[in-house]
Structure formats: C-alpha cells, structure tokens
Amino acid sequence: MAELKNFQELRSMVLKRPRKIVAVSCANDWHTLEAVFKAKSDGLLDYVLIGDKNIIKEICREKHQNFPEGDIIHCTDEKKSAEITVSLVREGKADFLQKGLMQTRTILKAVLDKKTGIGTGNLMSNVALLEIPGYHKLVGVTDGGMIIYPTFEQKVGMIKNAVRMFNYMGYEKPKVAVTCALEIVNPKMQETVDAAKLKEMAENGGIDNCFVEGPISTDIAFSKDAAKVKKFESPVAGDADIILVPNINAGNMMVKGLLLFGHAKMAGVVMGAKCPIALNSRSASFEEKYFALVACCLISDIVG
C-alpha cells in the first residue's frame, strides 16, 4: 500500500475496520476522557473507564459531557485500577489499554506481572508516531520514553517492535534509519558500531520485513538533499519510516523539539505486550491522546 502521509489517513484506515474496545486506567483526567469520547463519537472504538466514578462524574459535569453510566468500573486506587485494566485485556473484554492520570511505572508493572499480566517475554519499547510538517509521511521514533541506554540486543528488539507496528499499518518493508551523530563507523562511538552490526544483521535475515541503514545521520535520514551533498546512497536516505535513536536522551529531545518547534503531532504507543498501549505523558494534550487511540485501534490485533 502507499505510505501514510498523516494521521487523517491513519484514521480513515481505522474506520474501515471493526470497532475496538479500549480499557482506560485511572480515567480521572479530562484530556484522556475527551480523547476517548471523541474517538467513540467518531466511530473508532468503544470503551471501559476504570477510575474514581465521582471524579469522572464531576469532570463530565464541568465539561458539559453526558456521564457514561454503564461504561465505568469504580476504583479509587491506582494500582488496583491498573490491575483491572490489564485483566480486561487478558480476559478478552478489551482490545488494548490506555494510561490515564497515573504513573507510567504503575501500569507497566501490572502489564509485566508474571501471573496476571499481559507480557510476552519480548522487549517492551516506546514508539512515537509523528506527523511532521515538511516531511512527506508519518515517521516512528524509538525509543524516547522507556529504554534508557539500550544494549545491542535491546536495539534489535526495538527495531522489531517498530517494524511490527509499521507492518500492521500496511508497510511491507519499512525503512529503518539507525541514527548517530555521523554516518561512518567510529570505534570510539559504540552507537556507530552497533548501527553497522544492525544493518548487517538485517541484510543477513536476522531482522525481518524491513530495510535497515546505519550508521546514518539525522539530516540524511530526513533529507535527500543532505544525502546528495554527502554522497550517501541508500533507499533510506530522505525517506526513513522509522528512526532508531541511540538512547532515551536523544529520542526524548528529538521528539519534544519536533513537537514544540516543528509543530509536529504525535501518538505515543508502547509495543511488545499482548496488545499495544496508548501511553502518553500525564501532561499530554487531547490531540496526542486521541492520535494514540487511533494508532492503537489499527494495530491492536498484534500479539507480542
């Protein structure tokens, strides 16, 4: 299929598929509720809210929103809310989950619980799906939110998670840019050594369903003109679908810089569990949370 240019095209794909059900943990936050209500009214999903019923009711009253009596499981404890949310997915009563007004570690702990969670044994990692003005299609950045200083093995897992996400969005062979500060191997910069090994691994069939390039600088990954000036020839140059950053600092600064100054739009999704997780900062806007729901609706048939 053709590459997705923006979130509107992604949303159009979701509307062609059966509705999904999202379980929302600690749904005591207006931006979270606003995103969920909007997604339901748009015909994208149905929902179950897990949280303090009284607070949710008060928020709805203040925002002149009809109170969804039958879609709430009353729970005032953050840990218990996370456990209930995960159980709904495990029991097949919800297709994916969304984090509301709570700590990220609380929901992830419930997801990874060996007895009651929905982990798969695979690495879990964050993919920030971005719509960037000036770039011709959606791009995924991993990982600016979970893996602090990834090992080589973790980088393999991060690529596989992001590629699985893009495969399910219709990309047969997404283009992965393993970005570094430069586009040549420098033994003193481990990220460039890892990048070359990842490229070789993909070429030898160790990472399926994608094209991996690295080391590659960010300007070359995004700009064909930069690639031409630097005489860098690769299908990924100026056409990257997935950006693998060397560490959480680089990913966090890249994504936040694009959001703040590049007017980008984002959907934050955690991959690697039995379902995707719509996971944004507690301070994230309605728009970010809405787009995360849209993305998860499309990819929520993935297991692991």
Side-chain angles (χ1 to χ4, degrees), residues 1-14 122-132 135-145 147 150 154-180 183 194-224 227 232-246 251 254-255 258 264-272 276 291-292 294-304:
M1 63 162 269
E3 296 161 332
L4 294 167
K5 297 181 179 64
N6 50 50
F7 283 118
Q8 183 59 43
E9 290 188 358
L10 189 72
R11 180 176 171 275
S12 295
M13 287 182 66
V14 174
N122 296 327
L123 178 79
M124 289 177 59
S125 55
N126 179 276
V127 181
L129 189 63
L130 297 168
E131 178 185 320
I132 308 169
Y135 196 60
H136 57 285
K137 58 182 175 179
L138 294 176
V139 64
V141 177
T142 188
D143 178 334
I147 313 298
Q154 287 175 321
K155 290 177 181 178
V156 173
M158 290 158 66
I159 291 176
K160 288 182 176 180
N161 279 342
V163 167
R164 189 179 294 113
M165 178 178 178
F166 272 74
N167 287 158
Y168 216 76
M169 286 161 52
Y171 290 65
E172 183 176 345
K173 198 170 183 179
K175 300 168 184 175
V176 182
V178 185
T179 55
C180 303
E183 57 277 1
D194 287 352
K197 287 172 62 180
L198 289 165
K199 177 180 179 178
E200 182 180 10
M201 186 176 184
E203 289 175 342
N204 292 331
I207 307 176
D208 296 329
N209 303 319
C210 66
F211 189 99
V212 176
E213 183 61 75
I216 182 171
S217 58
T218 303
D219 56 343
I220 292 176
F222 282 113
S223 169
K224 291 185 182 294
F232 191 100
E233 295 184 5
S234 168
V236 178
D239 200 37
D241 297 302
I242 297 166
I243 304 291
L244 178 73
V245 294
M254 174 186 280
V255 170
L258 288 167
K265 299 176 182 179
M266 183 185 81
V269 179
V270 171
M271 300 289 296
F291 289 138
V294 174
C296 285
C297 281
L298 185 62
I299 61 177
S300 59
D301 288 334
I302 296 174
V303 177

Worksheet item: What is the ring orientation for Phe291 with Phe7, classed by angle as parallel under 30°, tilted 30 to 60°, or perpendicular over 60°?
Response: parallel
Discussion item. Test of understanding: with side-chain hydrogen bond (donor to acceptor under 3.5 Å, both in side chains), list the residues that count as partners of Lys175, not counting sequence neighbours.
Written reply: Asp239
Worksheet item: Shortest non-hydrogen contact from Met124 to Val270?
Response: CE-CG1, 3.6 Å
Discussion item. Side chain to side chain contact (heavy atoms under 4.5 Å, CB included), that's the test. Do Thr218 and Met254 meet it? Break it down for me.
Written reply: CA-CA 10 Å; Thr218 303; Met254 174 186 280; 3.8 Å; yes
Worksheet item: Can you tell if the side chain of Met271 reaches within under 4.5 Å of the side chain of Ile299, non-hydrogen atoms only?
Response: yes
Item to complete: Look only at the side chain of Thr179 and the backbone of Leu244, and say whether a donor-acceptor pair between them is shorter than 3.5 Å.
Response: yes
Return a table of donor-acceptor pairs under 3.5 angstrom between the side chains of residues 196-210 and protein atoms on other chains or two or more places apart.
| unit_1 | atom_1 | unit_2 | atom_2 | d |
| --- | --- | --- | --- | --- |
| Lys199 | NZ | Glu213 | OE2 | 2.9 |
| Asn204 | ND2 | Glu200 | O | 3.2 |

Worksheet item: Which distance, rounded to the nearest 0.5 Å, do you find between the CG of Leu10 and the CD of Gln8?
Response: 9.5 Å
Discussion item. Nearest 0.5 Å, please: how far is CG in Asn6 from NZ in Lys265?
Written reply: 8.0 Å
Worksheet item: So how far is it from Leu4 CG to Glu131 CD, rounded to the nearest 0.5 Å?
Response: 10.5 Å
Discussion item. Just by distance, no angles: are the side chains of Ser125 and Asn161 close enough, under 3.5 Å, to form a donor-acceptor pair?
Written reply: yes
Discussion item. Ignoring hydrogens, what is the shortest heavy-atom contact between Phe211 and Val236? Give both atom names and the distance.
Written reply: CD2-CG2, 3.5 Å
Discussion item. Between Met169 and Leu129, is the side chain to side chain contact (heavy atoms under 4.5 Å, CB included) condition met? List the steps.
Written reply: CA-CA 12 Å; Met169 286 161 52; Leu129 189 63; 4.2 Å; yes
Worksheet item: Is there side-chain contact between Ile242 and Val163, with at least one heavy-atom pair below 4.5 Å?
Response: yes
Worksheet item: side-chain hydrogen bond (donor to acceptor under 3.5 Å, both in side chains) with Asn126: which residues, sequence neighbours excluded?
Response: none
Discussion item. On a heavy-atom basis, which atom in Phe222 and which in Ile132 lie closest, and how many Å separate them?
Written reply: CE2-CD1, 4.4 Å
Worksheet, complete the sentence: Output for pair (Leu298 CG, Met165 CE), nearest 0.5 Å, gives 8.5 Å
